[in-house]
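Here the structure is laid out as structure tokens; the discussion comes afterwards.
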Protein chains: 2
Amino acid sequence: MDEKISEAVVRRLPKYYRYLSDLDALGVERISSSAMSKGMSLNASQIRRDLNCFGGFGQQGYGYSVKSLKQEIMHILGIDKAYHVVIIGSGNIGQALAFYKNFALEGYIIKAIFDVDSNRIGKKINNIEVLSMNDLETYLKTENIHIGILATPKGAAQDVADILIKGGVTGIWNFAPIDVKVPDNAYVENVHLSDGLYVLSYYMQRGRF
Amino acid sequence: MDEKISEAVVRRLPKYYRYLSDLDALGVERISSSAMSKGMSLNASQIRRDLNCFGGFGQQGYGYSVKSLKQEIMHILGIDKAYHVVIIGSGNIGQALAFYKNFALEGYIIKAIFDVDSNRIGKKINNIEVLSMNDLETYLKTENIHIGILATPKGAAQDVADILIKGGVTGIWNFAPIDVKVPDNAYVENVHLSDGLYVLSYYMQRGRF
DNA sequence: AACCAATTGTTAAAAACTTATCAGGATTGC
DNA sequence: GCAATCCTGATAAGTTTTTAACAATTGGTT
């Protein structure tokens, strides 16, 4: 429970969370690792091992309590609290994210959108103000922002990331098709949407084997 | 060169492709695995090993030709040809994807959008027709569609996927927050956008170690 | 109250993946 | 045209990740 947690494990946590949420919504109260295994197409040993990285949440002969395991994972992921977010870039992706209702519901509160396009500045998107990129640096001095969402063209992404980090942002969710780099005290999640489409094309052509 | 290619390797290919495209755009003609290694923060051995899965593209004492290696990877990924695509769901994500210019440029041609909302049916999004979900099955009989993009609510995703597969679609790019299942002769790429946000939250809270 | 079945947490084994090493061939500079 | 250098492809070693196995513990049942 004290060793370094591998990224592979961390990346499975959201999947557990999703699965447990579904079970909970269906009113299921308890679940065993082997039942989860079937439902999620994961190995049961792996599930027990993964969960055990963070504590012994299960009980022999019984399994896991859906509700409390879900709660534990929310806490481990850190999604049981509120984050202040800014979106940079109000193009296709920026807008789609601004309109996405679940973020607000899950505690990711979008405080402002920034753009360079003077036609957009001053307008509102889903009731969120669009401000000028020129004001970003100043804005970050007065507002306490945790997460910046990068939805800029790739040429601007790293520069904007640097401004965000300098302004105290510690998490960057990057949708620009470039690997943004951040210092060790911050973290970036590079999305690279089209990579998935390329992988899809690969398997469509070659098959899975 | 004949063994099974691991998914880990396949998922690095788009990254190589992106990097080589950038080099090519800068006019760089040749590159060694160790130079790539520095530029991409990957191990040089790994790069040589990865590329060697598909053929001996390099030359001792010289390295790799940027242009031809890029071309090879495009071919391996299968992104050097055209795909016919439909988008299911014209909500935030569906619209954003419909407007995304690069898809068309890269040969992913969006032929139609389907939705259940009668207010949207008959309209056009970025000059692409929005058709009724009821007509999807018939549509697939006459049109040869390769890829279906799922941008529906999660409750509808699996059902729509089934219709798509039945209609001859072999690739599904799924943005609904559920793991869509497809038969062995088809392939699905589940995106799960918010998973990345959760992982980001995890590392913001716990740090990387 | 005692047994049986279920299920975890843990340890061990297997598989997959990454990194290091190096012989051999190609290129470049002189 | 020769030597020194560079760099790949291949093999070997090391590391991480996944899967299997099982003792120990709990809950339900008779």
Side-chain angles (χ1 to χ4, degrees), chain A residues 1-16 19-20 23 28-70 72-73 76 199 202-203 208-209, chain B residues 1-16 19-20 23 28-70 72-73 76 179 199 202 208-209:
Chain A
M1 188 179 161
D2 219 29
E3 277 178 39
K4 184 181 171 264
I5 312 283
S6 82
E7 183 165 334
V9 174
V10 175
R11 293 212 172 269
R12 278 191 292 270
L13 294 177
K15 192 167 175 166
Y16 296 131
Y19 186 69
L20 291 164
L23 288 181
V28 178
E29 288 197 350
R30 57 182 268 194
I31 184 93
S32 70
S33 61
S34 67
M36 281 180 83
S37 166
K38 278 170 200 151
M40 305 178 65
S41 314
L42 285 179
N43 181 289
S45 276
Q46 184 168 61
I47 294 173
R48 291 199 298 276
R49 225 167 188 297
D50 283 354
L51 297 176
N52 223 234
C53 291
F54 302 97
F57 304 128
Q59 207 158 20
Q60 284 153 327
Y62 178 89
Y64 301 85
S65 148
V66 170
K67 256 197 172 39
S68 69
L69 184 55
K70 178 189 154 196
E72 290 286 357
I73 292 180
I76 293 164
V199 171
Y202 173 93
Y203 283 114
R208 233 169 308 221
F209 313 104
Chain B
M1 186 178 163
D2 220 27
E3 276 177 38
K4 184 180 171 266
I5 311 284
S6 82
E7 183 165 336
V9 174
V10 175
R11 294 211 172 266
R12 279 191 292 270
L13 294 176
K15 193 167 172 165
Y16 295 132
Y19 186 69
L20 291 164
L23 288 181
V28 179
E29 290 196 348
R30 56 183 270 194
I31 185 93
S32 70
S33 61
S34 67
M36 281 181 83
S37 166
K38 278 170 201 152
M40 303 179 67
S41 316
L42 285 179
N43 180 290
S45 275
Q46 184 169 59
I47 295 172
R48 289 199 299 275
R49 226 167 187 300
D50 283 355
L51 298 176
N52 223 232
C53 291
F54 303 98
F57 303 130
Q59 206 160 19
Q60 285 151 326
Y62 178 90
Y64 301 85
S65 149
V66 170
K67 256 198 173 39
S68 69
L69 183 56
K70 178 189 154 198
E72 290 286 357
I73 292 179
I76 292 163
D179 283 331
V199 171
Y202 173 92
R208 233 169 309 223
F209 312 104

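What's counted below: heavy atoms across the whole structure, side chains too, no hydrogens, waters or symmetry copies. Chain identifiers are assigned alphabetically (A, B, ...) following the order of the sequence lines, protein sequences preceding nucleic acid strands; residue numbering begins at 1 within each chain.
- The stretch residues 55-66 of chain A participates, sequence neighbours left out, in these side-chain hydrogen bond (donor to acceptor under 3.5 Å, both in side chains) pairs: A:Ser65-A:Ser68.
- Atom CZ in B:Phe54 sits about 17 Å away from atom C1' in D:dT8, given to the nearest Å.
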Residue pair B:Val10, A:Tyr203: steps toward the side-chain contact (heavy atoms from CB on, under 4.5 Å) verdict: CA-CA 9 Å; B:Val10 175; A:Tyr203 283 114; 3.7 Å; yes
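- Map B:Tyr62 and B:Arg49 each onto its nearest nucleotide of DNA chain D; the residue landing nearer the 5' end is B:Tyr62.
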Applying side-chain contact (heavy atoms from CB on, under 4.5 Å) to A:Lys15 and B:Asp179, what does each step give before you reach the verdict? CA-CA 9 Å; A:Lys15 192 167 175 166; B:Asp179 283 331; 3.0 Å; yes
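- By the side chain to side chain donor-acceptor pair (under 3.5 Å) test, B:Tyr16 is found to be paired with B:Asp50, residues two or more places apart in sequence or in another chain being considered.
- The nearest whole Å value for the distance from the CD atom in B:Gln59 to the P atom in D:dT8 is 10 Å.
- Evaluation of the salt bridge (Lys or Arg N to Asp or Glu O under 4.0 Å) test over residues 56-67 of chain B, restricted to residues two or more places apart or in two chains, returns B:Asp24-B:Lys67.
- Listed by first then second residue, pairs satisfying side-chain hydrogen bond (donor to acceptor under 3.5 Å, both in side chains) with a partner in residues 37-46 of chain A number zero, not counting sequence neighbours.
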For nucleotides 21-24 of chain D, tabulate all protein N/O to nucleotide N/O atom pairs closer than 3.5 Å, reporting atom names and distance.
{"unit_1": "D:dA21", "atom_1": "N6", "unit_2": "A:Arg48", "atom_2": "NH2", "d": "3.3"}
{"unit_1": "D:dA24", "atom_1": "N3", "unit_2": "A:Gln60", "atom_2": "NE2", "d": "3.2"}

I'd like to know whether A:Phe54 forms a side-chain contact (heavy atoms from CB on, under 4.5 Å) with A:Ile73, so could you lay out the CA-CA distance, the side-chain angles of the two residues, the decisive distance to 0.1 Å, and finally the verdict. CA-CA 9 Å; A:Phe54 302 97; A:Ile73 292 180; over 6 Å; no
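- Phosphate proximity of D:dA10 to B:Asn52: present, with a side-chain N or O under 4.0 Å from OP1 or OP2.
- Taking the 5' to 3' direction, DNA chain C first and last meets chain A under 4.0 angstrom from a heavy atom at C:dA6 to C:dA12.
- A:Arg30 has its CZ atom 8 Å from the C1' atom of D:dG27, to the nearest Å.
- In this structure, the CZ atom of A:Arg11 is 17 Å from the C1' atom of D:dT16, given to the nearest Å.
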Distances under 3.5 Å between protein N/O atoms and the N/O atoms of nucleotides 1-4 of chain D, please, pair by pair.
none

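- Comparing D:dA10, D:dT8, D:dG27 by their closest approach to the side chain of B:Ser33 singles out D:dT8.
- Following rounding to the nearest Å, B:Leu51 (CG) and D:dC7 (P) show an atom-to-atom distance of 15 Å.
- Among residues two or more places apart in sequence or in another chain, the side chain to side chain donor-acceptor pair (under 3.5 Å) test is passed with A:Arg49 by none.
- The distance from atom OH of B:Tyr19 to atom CG of B:Leu42, rounded to the nearest 0.5 Å, is 10.0 Å.
- Computed from coordinates, the A:Asp50 CG to D:dT18 P distance equals 7 Å when rounded to whole Å.
- At whole-Å resolution of the value, CD in B:Gln46 and C1' in D:dT8 are 16 Å apart.
- The side chain to side chain donor-acceptor pair (under 3.5 Å) search around B:Arg30 returns none, not counting sequence neighbours.
- Considering only residues two or more places apart in sequence or on other chains, A:Ser34 meets the side chain to side chain donor-acceptor pair (under 3.5 Å) condition with A:Ser32.
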